[in-house]
Each structure stands twice: as structure tokens, then as C-alpha cells.
Engineer: 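Mind having a look at this structure? Questions to follow.
Just so you know, ligand 1 is whichever comes first in the structure, and atom 1 is the first atom listed for that ligand.
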Amino acid sequence: MRSSALAPLLAAFALTLAKPQRPLFSNTTTLPTHFGLLVFPHFQALDVFGPIDVLNNLNMMYNTTADLTILAKTLDPVTTGMTGSHFAERIVPTMTFDDYLNKDSSYSYGDAKRSDIEVLIVPGGGGTRNNVSAEIDFVKTMYPKVRWLVSICTGATIVARAGVLDGRNATTNKFSWTWATSTGPNVNWIPTARWVEDGNIFSSSGVSAGIDATYGWVSRVFGEDAAQYLADAAEYNREKDPHVDPFGKLWEVPGAT
Ligand SMILES: *[C@@H]1O[C@H](CO)[C@@H](O)[C@H](O)[C@H]1NC(C)=O
Ligand SMILES: *[C@@H]1O[C@H](CO)[C@@H](O)[C@H](O)[C@H]1NC(C)=O
Ligand SMILES: *[C@@H]1O[C@H](CO)[C@@H](O)[C@H](O)[C@H]1NC(C)=O
Ligand SMILES: *[C@@H]1O[C@H](CO)[C@@H](O)[C@H](O)[C@H]1NC(C)=O
């Protein structure tokens, strides 16, 4: 059957069932096409795979041509586990920090020429308490070059130590609040927030909050209808209000309401 013959049938079907239809992006001003994900040993799995799954679906369901580069200090598989832990998973980086920063204009991956990274995602996890000086330096160098920076959980401590959050509003994991906020004495840490948006920096609260922050970011950049469609497709109950956060009080974060 030709698609022209199919169209009225599909339209009638949609009316009968009132099933959500994939909405167009409401914002089409040069959308980001290259995402960078920073990883380090003992990263928190959900900090990475929650947000990345949202972005996987965004790029799959809208069939975009966007790229993802997974960046680490070396190309060795990067574990979610503590040193010596048997209960862990590994992710394979596609480029080192140094190789990305030293790439030339013919920079490519496989046979595809790639644009520069526009969105940098910085997860957290127990490894943020180890030596992350290479990760801090990378964020410091990259921040002026990207359009958006998204931190999840204690990933904000890497961004804070890069100096990027000075004078800005941000949030981080409420369970690790005292240590995490000590890494950024000049940051206006928000004690009651699922996530915080300050200019081109999104920072989320602990672990699962990264999923809500990512839908919030998709809503900001691609449009709310698209964000809600993706959440509905993933059968995810979003927290859409960044100010709704029961965990600050639960973990006795000073100033939390
Ligand atoms: C997705 O887009 C590519 C071109 O960028 C095209 O070749 C492919 O057929 C599209 N796939 C679907 C399922 O629309
Ligand atoms: C931390 O890591 C950096 C580079 O990754 C290294 O140069 C430095 O010596 C390390 N610092 C300590 C205290 O191990
Ligand atoms: C930063 O947070 C303060 C509250 O602490 C708020 O009044 C201000 O509007 C926020 N600024 C931005 C840029 O979000
Ligand atoms: C549209 O997207 C651009 C580029 O990502 C962003 O800077 C801008 O804030 C968005 N506009 C709106 C109205 O959300």
C-alpha cells in the first residue's frame, strides 16, 4: 500500500485511540548534534545510563544524526565498581581527554566527520572522591567550548573544582551534601532542588534525579512536548518541577525545606 493511501487510515486510527503522536521539536534553532559523556572509574551507573537512555531515545525516536563521544583518561574500559569490586560493569570510552583536546580539523570517528562536542555530561559516583584531577582539568578546558554542561549527582564536584560553578547556582547529591559542597566554597548550593538550571549549566541532585534533569534539559532545548512524549514512551513518571525535592530534608541538609 502506498503511504498516501495509508495516511488517512492512520489519521482515523489516531483519532479513535487518541494515542499520543510524536510531537515536533518546538525549538528548531540549531539543536545540538554532538554529546560528550565523561566517565571515570567508580562512576555511578544510573548517573550515566539514566540520562543517556533519555538521550538514546531522543536520538532514536527522532532519527537524528547526533553523535555521542564517551571520554575518559584512557581507552581502557571504565568500571562502575570500587577498586577490587567484583560486582561492577564496564563502559568502553571512544576517545581520551587528550585525544579530544588535541584533535585536528579532520577529526572523525569511523568514517564520519564529527562536529565539536556541544553538550558535556558529567556523572558522579564514589570515584569523584578519588583523584579526578584529569577530569577536572578536562571540564575546565571544555566548559568555554560547549553550549551546555549537565552534571549529575556528585558530578557537580568535578565541575565545581574546575571553577566553572563559582558564583553560580547548582545542586548535588543530598546524601553526600557536606563533602560535595565543600568542593565548591564559592558556589551557591541550592539545598532544595531536584535539579538547578543556571544559564547553560544544569546540575542535578542525587543519582535518579539526573533522569528528571535530563528530561528538563530536553524540555528546555527541544521542547516540553518532545520531553513528555519521550518520558511517556519510557513509562517514566517525571518530576517536572525542579523545586520539588523531599531528599534535602530527609538527609538533614542545612537550609532544606
Ligand atoms: C534515519 O535517517 C537516515 C538519514 O539520516 C535515513 O537514512 C534512515 O532511513 C532514517 N531511518 C528511519 C527509520 O527513518
Ligand atoms: C592524580 O592524577 C594526575 C593525572 O591523572 C596525576 O598527574 C597526579 O600525579 C595524581 N595525583 C596523585 C596525588 O596521585
Ligand atoms: C540563584 O538562586 C537564588 C536563590 O538562592 C535565586 O534567587 C536566583 O534567582 C538564582 N539565580 C539563577 C540564575 O538561577
Ligand atoms: C532553543 O534552543 C537553543 C539552542 O539549544 C537554546 O539556546 C534556547 O534557549 C532554546 N529556546 C527556547 C525558547 O527554549
Engineer: What does the contact table look like for ligand 3 (nitrogen or oxygen on each side, cut-off under 3.5 Å)?
Structural biologist:
| from | atom 1 | to | atom 2 | distance (Å) |
| --- | --- | --- | --- | --- |
| ligand 3 | 2 (O) | Asn169 | OD1 | 3.3 |
| ligand 3 | 2 (O) | Asn169 | ND2 | 2.3 |
| ligand 3 | 5 (O) | Asn188 | ND2 | 3.2 |
| ligand 3 | 11 (N) | Asn169 | ND2 | 2.8 |
| ligand 3 | 14 (O) | Asn169 | ND2 | 3.2 |

Engineer: Counting N and O atoms only, with roles assigned by atom type, does the side chain of Asp245 sit under 3.5 Å from a partner on the main chain of Ala193, one being a donor and the other an acceptor?
Structural biologist: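 Yes; at least one donor-acceptor contact below 3.5 Å.
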Engineer: Counting each atom of ligand 1 from 1 as listed, which ones have a heavy atom of Thr65 under 4.0 Å away?
Structural biologist: 5 (O)
Engineer: Near Ser133, which atoms of ligand 2 are under 4.0 Å from a heavy atom of that residue?
Structural biologist: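 Listed by number with element: 1 (C), 2 (O), 3 (C), 4 (C).
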Engineer: side-chain contact (heavy atoms from CB on, under 4.5 Å) for Val221 and Leu31? Distances and angles first, verdict last.
Structural biologist: CA-CA 7 Å; Val221 177; Leu31 295 167; 4.1 Å; yes
Engineer: Using a 3.5 Å cut-off and no angle test, enumerate the donor-acceptor pairs between side-chain atoms of residues 35-59 and protein atoms at least two apart in sequence or in another chain.
Structural biologist:
| from | atom 1 | to | atom 2 | distance (Å) |
| --- | --- | --- | --- | --- |
| Asp47 | OD2 | Gly124 | N | 2.9 |
| Asn59 | OD1 | Thr64 | OG1 | 2.5 |
| Asn59 | ND2 | Leu55 | O | 2.8 |

Engineer: With distance as the sole test, does Glu197 use its side chain to make a donor-acceptor pair with the main-chain N or O of Phe202 at under 3.5 Å?
Structural biologist: no
Engineer: In ligand 2, which numbered atoms sit nearer than 4.0 Å to a non-hydrogen atom of Asn131?
Structural biologist: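 Those qualifying, in numeric order: 1 (C), 2 (O), 3 (C), 8 (C), 10 (C), 11 (N), 12 (C), 14 (O).
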Engineer: Taking 4.0 angstrom as the limit and counting only heavy atoms of Lys73, give me the atoms of ligand 2 inside it, by number and element.
Structural biologist: 5 (O)
Engineer: For the pair Glu118 and Thr33, evaluate side-chain hydrogen bond (donor to acceptor under 3.5 Å, both in side chains) and give the outcome as yes or no after the intermediate values.
Structural biologist: CA-CA 7 Å; Glu118 296 166 284; Thr33 58; 3.2 Å; yes
Engineer: Counting C-beta onward and ignoring hydrogens, is there a side-chain heavy-atom pair between Asp241 and Arg194 closer than 4.5 Å?
Structural biologist: no
Engineer: Under the side-chain hydrogen bond (donor to acceptor under 3.5 Å, both in side chains) rule, what do Thr96 and Asp98 come out as? Steps first, then yes or no, please.
Structural biologist: CA-CA 5 Å; Thr96 67; Asp98 284 348; 5.6 Å; no
Engineer: What about the rings of Tyr215 and Tyr236, do their centers lie closer together than 6.0 Å?
Structural biologist: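 Yes; Tyr236 has its ring centre under 6.0 Å from that of Tyr215.
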